[in-house]
Amino acid sequence: MRNTIGVAVSGEDFYERPKVINKIKRSLEAGNHVYLSAPRRVGKTSIMNFLKDNQPKGWTYVYEITESVGEIEEFYKVLAKKIIESQVFKGVSKASDRLKKSLEILIQHINISVDLPFIKIATQNTDKISFSTEFEKILEELDLNGEYLVIMIDEFPKTLENILNRKSKEEALRFLQIFRDLVHNPKIAGKVQFLLTGSIGLPPIVKKLDGLHLITMLNVIEVPPLSTEEASNLLLQILAHYKVEISPEAVETVLKEIDWLIPFHVQLAAQEIIDVYETEGKVIDNALVMKAFTQILHHRNSIYFEIYLERLKKNLEIPDYKFANQLLDKIANQDTIDKADIHNLAVKNKVPETYKATLESLVYDGYIINHDDANRYRFSSSIFKLWWKKYVC
Ligand SMILES: Nc1ncnc2c1ncn2[C@@H]1O[C@H](COP(=O)(O)OP(=O)(O)OP(=O)(O)O)[C@@H](O)[C@H]1O
Ligand SMILES: [Mg+2]
C-alpha cells in the first residue's frame, strides 16, 4: 500500500475499516441520519470516499464538501447541483410536472451541464429563487423506485461556523432549523438520508448557539482509532510496498510510540521509517525506530500540526486563547492535568465562565482526551504532544 500522506485516500490506498463502515451502513439501513464524529485526521473523508466508490445495490451515495460555503442558499445551491448531476436523475423515466418545474428552475440558475431527456431548459432566467425550497421539492418528487439516496456532506460544521462568523447567530440557527425541517419532511424521510461529518466538532458549535435541540435527529457514530492489529497491518502493508524490512519488536515499538493509532500517524511514522531505512540500509530495529521518531518532529512535518495552533488563534477570544495555550503547555510538560487545576488556570486567566466550552472544543477537535479517567486530561496523541512541546511551549 502506497503511503499517501495529507489527503483523504480512496481506492487501493484505503486501508479497509469494515467495523466502522458496517456500523454506518447498519445505522443508515435503520433509517437514521448519521453524524460521523471524530477529531481531525482520523479518516472521516476517506471513509466517505470508500462509501461513494463501493455503493451497495439499491443505495446511491453522493458526496459534497461545503467547507467554503457560508450562506444558507449557497449551501442548497451546491447540494442541488450535486444531486442533479448524480446518477439518481439519470435513471428517471417519468417525472411529475412539479419535479420538472423545479429542475428547470434550478438548472437555469446553476452553472451546470446535464442532459435530462425529460426536461427542456428555456433560456437563462434571472428571477430570484429559493434554492432551499426548490431543493426540497426535487427531493420530495424524486422517485427512487424503493431505493435509497444518501447525501454525504463533509465539513457541515464548518459551514455552520462560517454562517455564524460571516452572518449572525440567528442566521446560523436558521440554517440548522431549515436543515432539520428538511430532514423531517415526511415526503423525503425514508428515501433520502444524510450522512454528515467535519474536521471540527458539530456539538460544541451548536451548543454555543443554544441549538442542541436542532440536531437531535442525528445518530452520532464515532470513528475510533485503529486497533493494534489494524495499525500493525497498515504499517506492514506500507513498509512492504517500499520493501522496508522491520523486526517484529520494532513494529511493537512503533505502535507504542504512536500511542493514538490513527492511520495518519501510522503514515507519518512509516514515512520516516522508510527514510531511515534508505539511509541506514539495514533492518529496522528499536534504535532505528527511535531515530525515525525524532525525524517526525522535523520542521518539514510542522505543516500537519500548525493547523491546530492556527485554529485556536482564529476561533477563540484572546483570554480563552491564552487559557487554551497555557493549558496545553502544562499538559505537554506534565503529561496530565486534573479538573481542579484546569479550573484554577481558568480563574487565573479570568475565563471562569467560558473555559468549559473551550475545554470541550479541545476534546472534540482532537487535542486532548479524558478517556482513561474523566477527571484527568492528556494529549490525544503523543506525537502531537511532542510537537507542541518542541514548537509551541
Ligand atoms: N483507511 C485509511 N487508509 C489509509 N489512509 C488513511 C485512512 N484513513 C485516513 N487515512 C490517512 O489519514 C489522513 C487523514 O485522512 P482523512 O482526510 O480521510 O481524515 P479526516 O478525518 O477527514 O481529516 P480532517 O478532519 O482533517 O478532514 C490522510 O493522510 C489519509 O491518507
Ligand atoms: Mg476530512
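Counting from 1, the numbers follow the sequence of the chain as shown.
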Determine, stepwise, if the pair Ile138 / Ile84 fulfils side chain to side chain contact (heavy atoms under 4.5 Å, CB included). CA-CA 9 Å; Ile138 61 168; Ile84 295 171; 4.2 Å; yes
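- Remark: the Asn233 side chain and the Glu229 side chain contain no N/O donor-acceptor pair separated by less than 3.5 Å.
- Between the OG1 atom of Thr253 and the CG atom of Leu288 there is a distance of 11.0 Å, given to the nearest 0.5 Å.
- Contact annotation: the side chain of Asp210 approaches that of Lys169 to within less than 4.5 Å [non-hydrogen atoms, C-beta and beyond].
- Residues Glu29 and Arg26 are not paired through a salt bridge, judged by the lack of any N-O separation under 4.0 Å between the basic side chain and the carboxylate.
- Listed here is the closest heavy atom pair of His33 and Val192: CE1-O, 3.7 Å.
- Aromatic pair Tyr304/Phe264: ring centres closer than 6.0 Å.
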Start with the C-alpha distance between Leu99 and Phe89, add both sets of side-chain angles, then the distance that settles side chain to side chain contact (heavy atoms under 4.5 Å, CB included), and finish with yes or no. CA-CA 11 Å; Leu99 176 60; Phe89 282 109; 3.9 Å; yes
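- Salt bridge absent: Glu317 and Lys208 never bring a charged side-chain N and a carboxylate O closer than 4.0 Å.
- In this structure the side chain of Phe131 reaches within 4.5 angstrom of the side chain of His109, judged on heavy atoms.
- The pair Arg300-Glu272 meets the salt-bridge criterion, with a side-chain N (NZ, NE, NH1 or NH2) lying under 4.0 Å from an Asp/Glu carboxylate O.
- Gln193 places a side-chain N or O within donor-acceptor distance of the main-chain N or O of Asn32, the cut-off being under 3.5 Å.
- Within the 4.5 Å cutoff, no side-chain heavy atoms of Val206 are placed close to those of Leu214.
- Distance check, rounded to the nearest 0.5 Å: CD1 of Ile221 to OG1 of Thr197 gives 10.5 Å.
- Checking Thr60 against Gln87 by side-chain atom types alone, no donor-acceptor pair falls below 3.5 Å.
- Here CG of Leu36 is found 9.5 Å from OG1 of Thr45. Values are rounded to the nearest 0.5 Å.
- Salt bridge annotation for Lys137-Glu140: absent, with no cationic side-chain nitrogen under 4.0 angstrom from a carboxylate oxygen.
- Under a hydrophobic-cluster definition in which Ile, Leu, Val, Met, Phe, Trp and Tyr are linked whenever side-chain heavy atoms come within less than 4.5 Å, directly or via other members, Val183 and Leu144 are assigned to the same cluster.
- Between the Asn349 side chain and the Val351 main chain, no donor and acceptor come within less than 3.5 Å of each other.
- Taking the side chain as every heavy atom from C-beta outward, Lys44 and Asp154 never approach each other to under 4.5 Å.
- Classification of the Tyr355-Phe323 ring pair by plane angle, with boundaries at 30° and 60°, yields perpendicular.
- For the pair Leu362/Leu312, a side-chain contact is recorded, criterion being any heavy-atom separation below 4.5 Å from C-beta on.
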Before giving the answer on salt bridge (Lys or Arg N to Asp or Glu O under 4.0 Å), spell out for Lys385 and Asp335 the whole-Å C-alpha distance, their side-chain angles and the decisive distance to 0.1 Å. CA-CA 9 Å; Lys385 181 181 91 177; Asp335 283 341; 2.5 Å; yes
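- Between atom OH of residue Tyr377 and atom CG of residue Leu328 there is a gap of 12.5 Å, rounded to the nearest 0.5 Å.
- Here ring-ring contact (aromatic ring centres under 6.0 Å, His included) pairs that include residues 201-230, with residues two or more places apart or in two chains, number zero.
- Across all their heavy atoms, Phe293 and Ala269 have their closest contact at CZ-CB, 4.1 Å.
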Arg174 vs Glu171, salt bridge (Lys or Arg N to Asp or Glu O under 4.0 Å): CA-CA, chis, key distance, verdict: CA-CA 5 Å; Arg174 201 169 73 83; Glu171 191 66 357; 3.1 Å; yes
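- Asn375 places no side-chain N or O within donor-acceptor distance of the main-chain N or O of Lys339, the cut-off being under 3.5 Å.
- Minimum heavy-atom separation, Val42 to Pro224: CG1-O, 4.0 Å.
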Let's go through Ile72 and Lys167 carefully: what are the C-alpha distance in whole Å and the side-chain angles of both, what is the deciding distance for side chain to side chain contact (heavy atoms under 4.5 Å, CB included) to 0.1 Å, and is it a yes or a no? CA-CA 10 Å; Ile72 298 175; Lys167 306 264 175 187; over 6 Å; no
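- Closest approach of Gln237 to Tyr15, counting heavy atoms only: NE2-CE1, 3.8 Å.
- Phe14 has its side chain out of reach of Pro263: every pair of non-hydrogen atoms, C-beta onward, lies at least 4.5 Å apart.
- His265 is not listed as a side-chain neighbour of Leu261, based on a closest heavy-atom distance of 4.5 Å or more.
- Using a 4.0 Å cut-off between charged nitrogen and carboxylate oxygen, Glu85 and Lys81 count as a salt-bridge pair.
- Closest of all the heavy-atom pairs between Leu160 and Leu202 is CD2-CD1, 3.9 Å.
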Could you walk me through whether Leu182 and Phe135 satisfy the side chain to side chain contact (heavy atoms under 4.5 Å, CB included) test, starting with their C-alpha distance in whole Å, then the side-chain angles of each, then the deciding distance to 0.1 Å, before giving a yes or no? CA-CA 9 Å; Leu182 172 77; Phe135 178 72; 4.0 Å; yes
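- Taking the six-membered ring for Trp and the full ring otherwise, Phe194 and Phe179 have centroids separated by under 6.0 Å.
- The backbone N or O of Ser247 sits nowhere less than 3.5 Å from a side-chain atom of Asp285 that would complete a donor-acceptor pair.
- With hydrogens and angles disregarded, a donor-acceptor distance shorter than 3.5 Å links the side chain of Ser130 to the backbone of Thr133.
- Aromatic ring pairs are classed by plane angle as parallel below 30°, tilted from 30° to 60° and perpendicular above 60°; the pair Phe75 and Phe175 is perpendicular.
- Contact record, Val266 with Ile258: CA-CD1, 3.8 Å, taken as the closest heavy-atom pair.
- Residues Ile200 and Lys158 meet the side-chain proximity criterion, which asks for heavy atoms closer than 4.5 Å.
- Between Tyr308 and Phe305, the angle of the ring planes stays under 30°, which puts this pair in the parallel group of the 30/60° scheme.
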